There are 2 protein chains.
Amino acid sequence: MFFHFKDRFPKLNTYWDKYLPFQKRVEAPAKTVLLEEGKISQHYIFIEKGCVRTFFNNNGDDKTVQFFFENEGLSSFDSFINNVPSTFTIETIEPSVIYLLPKQHVLRLMDELSHEPDFAQMILQMTARRQMHYINEFVSIIRDTPEQRYQLLLSERPHIVQRVPQHYIASYLGVSKVHLSRIKSKLAKGKPHF
Amino acid sequence: MFFHFKDRFPKLNTYWDKYLPFQKRVEAPAKTVLLEEGKISQHYIFIEKGCVRTFFNNNGDDKTVQFFFENEGLSSFDSFINNVPSTFTIETIEPSVIYLLPKQHVLRLMDELSHEPDFAQMILQMTARRQMHYINEFVSIIRDTPEQRYQLLLSERPHIVQRVPQHYIASYLGVSKVHLSRIKSKLAKGKPHF
DNA sequence: GAGAAACGATAACATATGTTATCAAGTTCA
DNA sequence: TGAACTTGATAACATATGTTATCGTTTCTC
């Protein structure tokens with residue numbers, strides 16, 4: 001959440017660096033659960049190597065909500081901030097190197113940050129962007145066909161298509177894995193490459 | 001955005017009351033545009049009477065993103081905070097009584113608020129909730145069928161179904177208006193009422 | 001009050017998508 | 001190495017959904 005924005009708000013660096021030593025480094029194999037649906041988030045998660053998805057269970061099959069990669073950080077934001085059970089699970093996709101910063105330190109870090117005069121403005125700018133991201137996800141799914149959404153992934157976030165197993169992508173796009181396979185084969189026919 | 005939370009953060013009331021006089025009261029007929037897609041948001045909007053939707057244009061037909069009713073407030077949050085063109089239009093559905101608070105006053109209000117010791121925590125809690133709301137919209141649409149989504153509307157937000165024209169609801173659910181009509185007639189047959 | 005526009009239902013047809021089942025290739029792990 | 005699991009493709013069929021067109025009713029507008 002916060003540390004995505006280090007570049008835009010260089011002031012964060014000083015604070016962030018101070019808390020680096022409190023992180024726990026974890027080498028996690030694929031399919032390691034970092035936070036389980038229903039539990040309360042206790043860590044801020046930073047990905048040094050590998051990738052991670054968030055998903056929730058729906059009658060046995062799970063639905064992927066989002067993907068994260070190297071140098072991205074995440075938490076189950078609502079669960080972390082409001083101390084409520086997480087509505088989704090966070091799980092590694094590939095074998096990954098993860099840094100976990102315990103909640104107490106994040107809270108202390110935020111407490112320090114709040115003395116920065118423009119902290120509130122910073123928080124607002126960050127959260128407005130995040131909010132826009134999720135609104136766009138919603139907008140895309142009511143506006144675009146699954147085929148268009150897949151092509152958007154291909155053109156704008158190709159690393160997802162390259163590194164993430166297809167059935168995770170299917171549930172993220174909102175279609176069955178069979179249909180995603182159909183979409184791929186249809187696109188392959190339309191655009192033969194030599 | 002903010003003033004949704006007056007009840008949970010009573011401190012807001014003092015500040016809010018102070019800025020009440022700066023609002024402009026507007027009586028707007030149905031289909032009045034309060035903010036146009038592409039323009040930069042200049043007001044916080046509060047609905048005293050009536051209802052409002054946000055939507056964006058997509059090849060001629062528009063897609064509704066959200067509905068707002070009495071005693072709710074809104075802005076094009078990202079546009080308002082980050083001074084970027086709004087990605088959607090805000091328009092009245094019914095004849096409505098609207099209060100507009102110009103941006104300059106909202107900024108001043110936030111500036112005052114930022115001296116409250118727990119302002120940052122308040123902002124975080126609020127935005128985490130909002131974020132959860134939009135994630136849930138996304139989750140619902142990749143998890144549920146349009147029929148299930150319509151039934152959720154019926155059971156959890158019946159006022160929407162009662163007051164909003166059907167084709168707006170259809171685009172919000174992500175289906176054509178013809179199909180929403182089919183869903184309704186199917187449900188009516190399943191559940192005859194005497 | 002009359003014409004125009006908005007709203008909603010329905011039909012008929014085409015297309016998109018889900019479901020289930022099967023097969024093949026790769027990967028993991030004991 | 002071999003069995004189990006994972007991943008992905010494809011076929012066949014059923015269902016869901018989009019598109020276009022028509023009709024009747026209501027609502028708006030002048």
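Remember, it's a predicted structure, so these values are computed and weren't measured experimentally. Naming convention: chains lettered A, B, ... in sequence-line order (proteins, then strands); numbering from 1 in each chain.
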Quantified as the angle between the terminal helix axes (five pairs each), what is the overall bend of the helix from C/dG1-D/dC30 to C/dA30-D/dT1 to 10 degrees?
60°

Do A/Thr92 side-chain atoms and A/Pro29 backbone N/O form a donor-acceptor pair below 3.5 Å?
yes

Same hydrophobic cluster for A/Leu187 and A/Ile169, using side-chain heavy-atom links shorter than 4.5 Å among ILVMFWY?
yes

Residue-level proximity of residues 164-173 of chain B to DNA chain C when a heavy atom falls under 4.0 Å:
B/Pro165, B/Gln166, B/His167

Do A/Glu91 and A/Lys31 meet the salt-bridge criterion of a basic N to acidic O distance under 4.0 Å?
no

Separation of B/Arg163 atom CZ from C/dG8 atom C1', in whole Å?
20 Å

I'd like to know if the side chain of A/Asp111 and the backbone of A/Leu107 have a donor-acceptor N/O pair within less than 3.5 Å.
no

Enumerate the protein-to-nucleotides 26-30 of chain D contacts in which both atoms are nitrogen or oxygen and the separation is below 3.5 Å.
none

Parallel, tilted or perpendicular: which fits the ring planes of B/Trp16 and B/Phe46, with parallel below 30° and perpendicular above 60°?
tilted

Rounded to whole Å, the CG-P distance (B/Asp61 to C/dC7) equals 15 Å

Are A/Lys184 and D/dA9 close enough that a side-chain N or O sits under 4.0 Å from OP1 or OP2?
yes

A/Tyr168 meets the ring-ring contact (aromatic ring centres under 6.0 Å, His included) criterion, sequence neighbours left out, with none

Distance-only, no hydrogens or angles: does the A/Glu70 side chain make a donor-acceptor pair with backbone N or O of A/Ile47 under 3.5 Å?
no

Backbone N or O of B/Lys39 within a donor-acceptor pair of the B/Ser86 side chain at under 3.5 Å?
no

In terms of side-chain heavy atoms, does B/His133 have a donor or acceptor partner in B/Arg130 at a distance below 3.5 Å?
no

Under the 3.5 angstrom rule, does the side chain of B/Gln125 hit a backbone N or O of B/Met122 as a donor-acceptor pair?
no

Per-nucleotide protein contact along nucleotides 16-29 of chain C, 5' to 3', at a 4.0 Å heavy-atom cut-off (B base, S sugar-phosphate only, - neither), is -BBBB---------

Would you confirm whether A/Ser79, through its side chain, and A/Val84, through its main-chain N or O, come within 3.5 Å as a donor-acceptor pair?
yes

Applying side-chain contact (heavy atoms from CB on, under 4.5 Å) to B/Arg157 and not counting sequence neighbours gives B/Glu137, B/Leu153, B/His159, B/Ile160, B/Tyr172

Determine, for A/Asp61 against A/Lys177, whether the closest basic-nitrogen to carboxylate-oxygen distance falls under 4.0 angstrom.
no

